Structures are given as C-alpha cells and as structure tokens.
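Note that this is a predicted model, so its numbers are computed, not measured. The first residue in the sequence is number 1, and the count goes up from there.
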Amino acid sequence: ATLTRRDYVPRDDHALERIPGSLWLDFKAFSDPLRPDQSYMMSSNEHYINLMKQMDVRKSDLVVVYDKYRMISAPRAYWMIKTFGTPDVYILNGTFAKWQKEGRPIESGDKPSAWRKEHKTQPKGDDFDYKIDEKKILTFDDIEQIVKSNEAKSDDQRLPMFDSRLTKYYHRGHIPTSKSLPLTEV
C-alpha cells in the first residue's frame, strides 16, 4: 500500500512549480483500474492510450521524466513509457531540486499546459498506437517459477531479482531468493 502524506498533494505541487512545459504523470491514474488492490500495476493498452490521448503525449514525442525531490518515480515512469512503445524516453540527470538549485527556468500555475501537451500539429495515424511489450512483464506465476528454480541453485547460478524498495519496508519481508538493493542506493 502507498502511504499518503496528508500535507502533500502531488497534483497541487506540480501546479505550484515545475520545469516549463512539463506535464504531471499521475501514477494512480495510470495503474490498472481493474486491480485497485494492487498498487501501480501496469494498465491495459486501451487504458494507457486513453490517458495519453487526454494528455496529448504522442509516440513521436521526445519524453523526459524527472522527479521533484528524490529519484523514486522517474525510473518507473521511464520504464512504463518505454514498455508501452515510446522510443525517445529519457530520465533527467538530477531532480527538480537540482534544476532549481542551478537557477534554471521554472513555471507555475494551474493552467491547461500543466496537464496537456500543446501540439501545433494534428496527430499522425500511429501517434497513439501504444502497445505494451509483454516480454518485459512477468506475472506472479512467472516469479514463483523463478523462485523455485533459484532455490535449487547456488547463489552464483540464480537468476538475479532485486527488491528495490525503501529500506524502511524491508521488515515486511521480500520474495525468496531476491537481493536487497534499496532504491536510495541505486
């Protein structure tokens, strides 16, 4: 489950200050609406396409993702956008805080350009032809098979699996044979 800070509303924070031209990506909206009990699961092609159309983010766009304060969500956003077929996706080398510290331009305000890209051209036929690359997704059954296989092997022969949560969540346990790699250390 995701813990929500009562004093922090990500959408409001985006409206307050952001890199010019950047859009807010709402991970909850992009999660599979058919599995609300499983936070941040990849959505269907149709759901993803509808959200990208609402934001007018096209496959032909160059997409740069960044985090506001810590490098937590940007890698996930990068992977999700790439997995749905956008070829030109990048992660900003540093966070918004670094951008701001360097004195780079910042914009603010709850205006349409904060939530939807403003293109000067009409979309091409394949601009919203997003399709998830199923080869990049493993199911729970797939992971169970990897665990069973790994348990029968020595450490140096196992398929690597990493638990990259915040360390404060490790006490809850992890998938057998996975290694801890806290996201704050990556």
Give the cluster check for [X] versus [Y]: same hydrophobic cluster or not, with ILVMFWY residues linked at side-chain heavy-atom distances below 4.5 Å.
X	Y	answer
I132	V89	yes
M42	L51	yes
L62	M55	no
M52	W79	yes
V64	M80	no

Which value, rounded to the nearest 0.5 Å, describes the distance between [X] atom [atom1] and [Y] atom [atom2]?
X	Y	atom1	atom2	result
L16	R11	CG	CZ	13.5 Å
I146	S178	CD1	OG	11.5 Å
Q145	L138	CD	CG	11.5 Å
M161	I175	CE	CD1	5.5 Å
T83	E134	OG1	CD	10.0 Å

Flag side-chain contact, heavy atom, 4.5 Å: [X] against [Y]:
X	Y	value
H119	D61	yes
I106	W99	yes
R18	E107	yes

Is the closest basic N to carboxylate O distance between D163 and R165 below 4.0 Å? yes
Under 4.0 Å between a Lys/Arg side-chain N and an Asp/Glu carboxylate O for R58 and D56? yes
Taking [X] for its side chain and [Y] for its backbone only, find out whether a donor-acceptor pair lies under 3.5 Å.
X	Y	answer
E151	T177	no
K68	D13	yes
H14	W115	no
N150	R158	no
H174	S180	no
K59	D129	yes
Y130	G85	no
S31	F27	yes

Quick one: salt bridge (Lys or Arg N to Asp or Glu O under 4.0 Å) partners of K98, sequence neighbours excluded? E102
Run the ring-ring contact (aromatic ring centres under 6.0 Å, His included) test on F30 and Y48 for me, step by step, so that the C-alpha distance in whole Å, both residues' side-chain angles and the decisive distance to 0.1 Å come before the verdict. CA-CA 7 Å; F30 276 85; Y48 185 85; 5.6 Å; yes
Other residues, nucleotides and ligands only: do more than 12 of their heavy atoms fall within 6.0 Å of [atom1] on [X]?
X	atom1	answer
K148	NZ	no
K101	NZ	no
N93	CG	no
R116	CZ	yes

Please lay out, stage by stage, how L25 and L23 fare under the test side-chain contact (heavy atoms from CB on, under 4.5 Å). CA-CA 6 Å; L25 190 145; L23 306 177; over 6 Å; no
Mind running side-chain contact (heavy atoms from CB on, under 4.5 Å) on K179 and D155 for me, showing each step along the way? CA-CA 10 Å; K179 303 276 188 213; D155 276 352; 3.9 Å; yes
Between the side chains of D67 and T95, does any donor sit under 3.5 Å from an acceptor? no
Do the side-chain N and O atoms of D141 and T139 include a donor-acceptor pair separated by under 3.5 angstrom? no
What is the minimum heavy-atom distance between V65 and A77, and which atoms define it? CG1-CB, 4.0 Å
Closest heavy-atom pair, P20 versus P105, reported as atoms and distance to 0.1 Å, is CD-O, 3.2 Å
Fit a plane to each ring of Y66 and F96, take the angle between them on a 0 to 90° scale, and name the class: parallel (under 30°), tilted (30 to 60°) or perpendicular (over 60°). parallel
Tell me, with the steps shown, if K124 and D127 meet side-chain contact (heavy atoms from CB on, under 4.5 Å). CA-CA 5 Å; K124 294 182 279 184; D127 267 341; 3.8 Å; yes
List the steps and the verdict of side-chain contact (heavy atoms from CB on, under 4.5 Å) for V57 and T86. CA-CA 10 Å; V57 176; T86 302; 6.0 Å; no
